[in-house]
2 protein chains.
Amino acid sequence: MNATQPAAIRLWVVEDNATYQDALAFSFKTSGSIELTRQFFNAEDARAALRAGPPPDAILLDVQLPGLDGISAISLFKAAAPAVCIVILTVFEDHRKVFRALCAGASGYLLKTAPAERIAAAIADAVAGGAPMSPSVARAVLGRFVELAAPGRNTYDLSARERDVLELMTQGLVKKEIADRLTLSPHTVNSHLKNIYVKLHVGTRGAAVAKALKERLV
Amino acid sequence: MNATQPAAIRLWVVEDNATYQDALAFSFKTSGSIELTRQFFNAEDARAALRAGPPPDAILLDVQLPGLDGISAISLFKAAAPAVCIVILTVFEDHRKVFRALCAGASGYLLKTAPAERIAAAIADAVAGGAPMSPSVARAVLGRFVELAAPGRNTYDLSARERDVLELMTQGLVKKEIADRLTLSPHTVNSHLKNIYVKLHVGTRGAAVAKALKERLV
DNA sequence: CGGCGCATCACGCGTTTATGCGATTGAACG
DNA sequence: CGTTCAATCGCATAAACGCGTGATGCGCCG
């Protein structure tokens, strides 16, 4: 399909290595879908530019920078331009750094070992709502994710309906609201609550909510 | 570089839709780097084969299957062949399902909207140690990851004492118990509770506990 | 078929909570 | 030195809650 070409992605690059900057600029020139509108050699300048004028669609950001480091820069960039997609491009694969960058608001994390086409594709991916990462980075994130998100093994034999009720409890709803949300009588919700309390071995709403969230029952 | 061609990835596919199976088989035939060695139409047969013989390098697994569903199958596959890379390929984008699949041991998660080349690339990626995901899935995982890994920076200006009370609330204690634990009058606890509710913008104990735990305030 | 678990609904009682209205103290800050 | 604010305590009331004790219908399974 040769649809009308979509507007090119306006990209800024923040990278202190001039040679690498040039290489990137060259590869984007041939890519077509990405328009490299500005280049910076440190994060401060990029930040100032963000605050001064219209933001780009995406920023390709190195971590190792003179002065303000890349990871700290992420939050600042996001504060100045919340909608901008920040993709990290670095040689560092240190997991701590990776996680901090992502938590600070980065949309993607690439290693400089990635081929040029992959970098262009990743930027497009990030702007389109994805989260491009180099394979090893993705695997590390996934590993940590599983560690954090793995549901507790204790299911406490809650029925499906009881889980529904429990979930709404964790959203702070009161009995009547739960009843309305599930189209039930408040009496029925009462029954479910009682059963939940018995199964979770708790006696109060707060304890039930706490147990549910701590043990990831919902 | 035309190095000697690496050994093709031995792949099994578990997918109940015969037409889609054929389409996949065709696309892999043209890909070259992937050798589709076995095809199954349900998870039970695949599991039996895994237990019986040598495992493949990767398994492409649908979620919606007759009988044993794909997500439950992941753990079983992993138990039978820990080294195998499991890549989910499904139409479902339900986040709960995605997270459960990844926690169960899947290495990747693709939507069936992905183009054929992307699927082949993803399998190679997974075998090479990556974690291929469709953009929207990756973003959802990243979002949840940040939620879990990033301590909530919202402190809501809670005072030290209020945090004490909040923490005890998250342990399921009632007002009187909190008072005893902190050697306070129940009236004082009452005051703290009121202030906490105001600062957290909630109106009930359950909501306060939920917010505290979800946003890592304690 | 007959039990069993689940979901649904119902009532009542005593307790806890949420939320008004206060007050006094003491530390912090300009 | 006066103001501010957290921390402590007091009280009253209406609403929500916890908990016991029911009942009815439905589907499943041996």
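Below, chain A is the first sequence line, B the second, and so on; all start at residue 1.
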Distance check needed: [N] [atom2] versus [X] [atom1], whole Å only.
X        : N      : atom1 : atom2 : result
A:Asn195 : C:dC9  : CG    : P     : 14 Å
A:Leu173 : D:dA16 : CG    : P     : 14 Å
B:Asn190 : C:dT15 : CG    : P     : 17 Å
A:Ile196 : C:dC6  : CD1   : P     : 13 Å
A:Ile178 : C:dT8  : CD1   : P     : 13 Å
B:Lys175 : D:dG10 : NZ    : P     : 13 Å
B:Lys176 : D:dC9  : NZ    : P     : 13 Å
B:Glu177 : C:dT17 : CD    : P     : 9 Å

Check ion pair A:Glu44-A:Arg47 (N to O, under 4.0 angstrom) |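 Salt bridge between A:Glu44 and A:Arg47, a charged N being under 4.0 Å from a carboxylate O: no.
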
Test: A:Asp164 and A:Arg181 ion pair at under 4.0 Å = no

Just by distance, do the side chain of A:Lys112 and the backbone of A:Phe92 share a donor-acceptor pair under 3.5 Å?
-> no

Please say which of B:Val13, B:Leu60, B:Ile119 ends up in a side-chain contact (heavy atoms from CB on, under 4.5 Å) with B:Val87.
->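 By the side-chain contact (heavy atoms from CB on, under 4.5 Å) criterion, B:Val87 pairs with just one of B:Val13, B:Leu60, B:Ile119: B:Leu60.
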
Is there a side-chain polar atom (N or O) of [X] under 4.0 Å from OP1 or OP2 of [N]?
X        : N      : value
A:Arg161 : C:dT8  : yes
B:Thr204 : C:dT17 : no
A:Arg205 : D:dC17 : yes
A:Tyr197 : D:dC19 : no
A:His192 : C:dT8  : yes

Closest listed nucleotide, where the reference is the side chain of [X] and the choices are [options]:
X        : options                : result
A:Ser191 : D:dA16, D:dG10, C:dT8  : C:dT8
B:His187 : C:dC11, D:dC9, C:dC6   : D:dC9
A:Glu162 : C:dA7, D:dT8, D:dG10   : C:dA7
A:Lys194 : D:dG20, D:dC17, D:dG18 : D:dG20
B:Ala160 : C:dC6, D:dA7, D:dC9    : D:dA7

Which part of the nucleic acid, if any, lies within reach of B:Thr188 when heavy atoms closer than 4.0 Å are counted: base, sugar-phosphate only, or nothing?
->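 It contacts base atoms.
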
Does the side chain of B:Glu162 come under 3.5 Å of the side chain of B:Tyr156 through a donor N or O and an acceptor N or O?
->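 Absent: no donor and acceptor within the cut-off.
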
Residue met sooner reading DNA chain D from 5', once B:Pro186 and B:Asp157 are mapped to nucleotides =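 With B:Pro186 and B:Asp157 compared, the 5'-side residue is B:Asp157.
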
